[in-house]
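A quick write-up on the structure given underneath.
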Amino acid sequence: MSSNVDPLFSFDNTFVRELGGLYETWPAEMVPEPRLLALNDELASELGLDPDHLRSADGVACLVGNAVPVGAEPVAQAYSGHQFGGYSPRLGDGRALLLGEVIDTNGRRRDIHLKGSGRTPFARGGDGKAAVGPMLRELIVSESMHALGVPTTRALAVISTGERIVRDTWQPGAVLVRVAASHLRVGTFQYAASTQDPDLLRRLADYAIQRHYPSALDAENPYLAFYESVLDAQASLVARWMNIGFIHGVMNTDNVTISGETIDYGPCAFMDRFDPATVFSSIDHGGRYAYGNQPMIGQWNMARCAEAIATLVDPDPETSVPQLVDVLKTFPDRYDSYWTAGLRAKLGLMNERPDDSDLFVDLLKEMEANRVDFTSFFRRLADAGRGDRSGVESMTHWVDRWLERVTADSDDLVAVASAMDTVNPVYVPRNHLVEEALAAGSEGDLSVLRTLLEVLAHPFTARPDLMVDGVDRYADPAPLDPRTGAPAPYVTFCGT
């Protein structure tokens, strides 16, 4: 990596200044032929950056890691993690670097992070590289999540490196520039706790509180209040995933952010046909991270977080453990409250009524039994409120109950349907469309990617101009396999 060049960023690197012991200073590897594949202009402007400057040769050099922006202090972060339930004491950024932090135009501190920038001391035998396809996947899905209103890390840019890297086949290499509220994870706390250095763990917790949950400082026990805040953020996040049919695919503790943002879009996917057992990840052989298991895993991960910070809450486990367990036990109710509020909005219900839970439970049973497409069902249900029930014929009895229930809140069903349309997307990154964009992008054709990103940027607005012969291919699930009459099997891969 060359010496400091071109003041594109105004860095203020608190992580490096305050958390020695949780990183290794490290340079990115030089790449031979960097070429900008995608730049998020809207995000660049939000960060106070000039998109045109980023597109210049100097800008691309900084984005890919060939040059160090003025003020950057590249480091590979250390963390541990439970991966599919098994503890790994030393994970860390094996192929990534934190360049530094910037204050965006809204006054928020944001990390600038390179993914695929070469081997680090945490590489664990990997080549430290990333392929174009998985980096474009992270761009597509993270930007879709942002447009859907889900807290998420975001992709500033994807740059091809001019290299070929080996995965199952030779693939073109790439670097992703990721932006996050921070990269602090449950795994970061697990690593700090594993060092048995109480000062390091306390410095990390104090830093995380100040950066993400400063109100905890006013609590009688700031560390317990901090834990409750993290737990609440995760309960809310998982509920949002469930309300849009999103399956993360790899909910290891090193992929659980302290900020409550979704991070790491490896084997993720959106569910078409509703089935709680849905798994897409090629490595999730036992279905640990299936769609329906995500709330339970969220609580499990929060138990691991509690273990890591217990000594901060109180040095005496007889005191700290019951306090943390009391908070941990609130996870299901918090999750249910967030999920129920989201589902109530999706169904156009304005008030809570005692029998709503029965309506919700029966809805999920009917959706599963009738193999209903998760995303499009709620838009078609809104159409039923307008008088067009053609999209929900398979669930007539339940729809009758729903109409009766909605009418109890409002007799203006057209207004209710319009409100439903503001929270139920027309467009999510359908798996077959994502794969189509990745395949084209890996071959150098970025037009398919650009069109998909444009559609996903406005997920709640139907696009009649996209209709061909009465079909909107961006809204419909994947075509059925003509041989079986069922959806073709779909498998995702981590891409590491």
Side-chain angles (χ1 to χ4, degrees), residues 14-15 17-23 77-82 98 101 107-111 151-153 180-240 251-263 297-335 337-338:
T14 59
F15 180 88
R17 288 202 304 270
E18 300 180 26
L19 294 177
L22 288 175
Y23 61 82
Q77 296 174 299
Y79 47 85
S80 303
H82 276 83
L98 173 67
E101 306 146 26
R108 298 172 298 182
R109 183 175 297 275
R110 314 280 285 278
D111 280 0
T152 181
T153 61
S182 84
H183 284 79
L184 301 180
R185 317 152 189 262
V186 169
T188 313
F189 280 83
Q190 291 180 292
Y191 182 87
S194 74
T195 66
Q196 299 185 344
D197 179 348
D199 177 66
L200 177 59
L201 182 60
R202 188 175 299 275
R203 281 190 288 122
L204 172 60
D206 290 346
Y207 178 85
I209 290 171
Q210 190 63 54
R211 185 159 177 178
H212 294 300
Y213 303 106
S215 62
L217 293 170
D218 299 326
E220 180 179 352
N221 188 325
Y223 301 114
L224 185 64
F226 164 68
Y227 175 67
E228 184 172 3
S229 297
V230 175
L231 180 141
D232 190 75
Q234 285 298 320
S236 173
L237 179 65
V238 175
R240 287 172 181 262
M251 290 177 66
N252 299 331
T253 57
D254 54 297
N255 291 331
V256 179
T257 61
I258 297 303
S259 67
E261 288 185 331
T262 313
I263 192 171
I297 293 296
Q299 185 177 18
W300 192 91
N301 288 336
M302 286 299 96
R304 307 290 77 76
C305 182
E307 292 167 351
I309 68 168
T311 57
L312 295 176
V313 172
D314 196 282
D316 182 359
E318 296 291 329
T319 300
S320 63
V321 171
Q323 290 179 318
L324 288 163
V325 168
D326 283 345
V327 176
L328 181 63
K329 286 179 178 178
T330 69
F331 188 96
D333 286 343
R334 292 172 189 264
Y335 164 79
S337 177
Y338 287 121

Does the side-chain contact (heavy atoms from CB on, under 4.5 Å) test come out yes or no for Tyr207 and Leu19, once each step is laid out? CA-CA 8 Å; Tyr207 178 85; Leu19 294 177; 3.6 Å; yes
For Thr188 and Ile258: C-alpha separation, side-chain torsions, deciding distance, then whether side-chain contact (heavy atoms from CB on, under 4.5 Å) applies. CA-CA 9 Å; Thr188 313; Ile258 297 303; over 6 Å; no
Looking only at heavy atoms, what is the nearest atom pair of Phe331 and Gly298, with distance? CZ-C, 3.7 Å
Side-chain donor/acceptor of Ser236 to backbone N/O of Ala233, under 3.5 Å: no
Measure the CD-CZ distance between Gln299 and Arg304 for me, rounded to the nearest 0.5 Å. 10.0 Å
Can you name the nearest heavy-atom pair linking Ala193 to Ala308, along with the distance? CB-O, 3.6 Å
Is it true that a side-chain atom of Tyr213 and a backbone atom of Pro222 form a donor plus acceptor pair closer than 3.5 Å? no
May I have the step-by-step check of side-chain contact (heavy atoms from CB on, under 4.5 Å) for Glu228 and Arg334, ending in yes or no? CA-CA 11 Å; Glu228 184 172 3; Arg334 292 172 189 264; 2.5 Å; yes
For residues Leu231 and Leu328, report the shortest heavy-atom separation together with the two atoms involved. CD1-CA, 3.7 Å
Regarding Glu101 and Thr14, do their side chains bring together a donor and an acceptor under 3.5 Å, going by distance alone? yes
For Met302 and Val256: C-alpha separation, side-chain torsions, deciding distance, then whether side-chain contact (heavy atoms from CB on, under 4.5 Å) applies. CA-CA 9 Å; Met302 286 299 96; Val256 179; 4.0 Å; yes
Quick one: closest heavy-atom pair of Thr253 and Gly81, and the distance? OG1-CA, 3.2 Å
In Å, rounded to the nearest 0.5 Å, how long is the span from CG of Asn252 to OG of Ser80? 12.5 Å
Using a 4.5 Å cut-off on heavy atoms from C-beta on, say whether the side chain of Asn255 contacts that of Arg185. yes
Determine the minimum heavy-atom distance between Arg240 and Pro151, stating which atoms define it. CD-CD, 3.5 Å
Donor on one side chain, acceptor on other, Tyr338 and Asp232, under 3.5 Å: yes
Under 4.5 Å between any side-chain heavy atoms of Leu324 and Tyr227, yes or no? yes
Plane angle bin for Phe189 and Phe226 - parallel if under 30°, tilted between 30 and 60°, otherwise perpendicular: tilted
Let me confirm one number: the CG-OG1 distance from Leu200 to Thr195, rounded to the nearest 0.5 Å. 4.5 Å
For Asp316, is there any backbone N or O sitting under 3.5 Å from a side-chain donor or acceptor partner on Asp314? yes
Using atom types as modelled and distance alone, determine if a side-chain donor or acceptor of Asp111 lies under 3.5 Å from a backbone N or O of His183. yes
Check the orientation of Phe15 and Tyr23. Use parallel for under 30°, tilted for 30 to 60°, and perpendicular for over 60°. tilted
Within the structure provided, determine whether His82 and Trp300 are in side-chain contact (heavy-atom separation under 4.5 Å). yes
Given Ser182, which of Arg110, Arg109, His212, Glu261 fulfils the side-chain contact (heavy atoms from CB on, under 4.5 Å) condition? His212
Between the side chain of Glu18 and the main-chain N/O of Arg203, is any donor-acceptor distance below 3.5 Å? no
Taking all non-hydrogen atoms of both residues into account, name the closest pair between Asp326 and Thr330 and its distance. O-CG2, 3.3 Å
So, taking the atom named CD in Gln234 and the one named OG1 in Thr257, what distance separates them when rounded to the nearest 0.5 Å? 5.5 Å
When you compare the side chain of Tyr223 with that of Asp206, does any pair of heavy atoms fall below 4.5 Å? yes
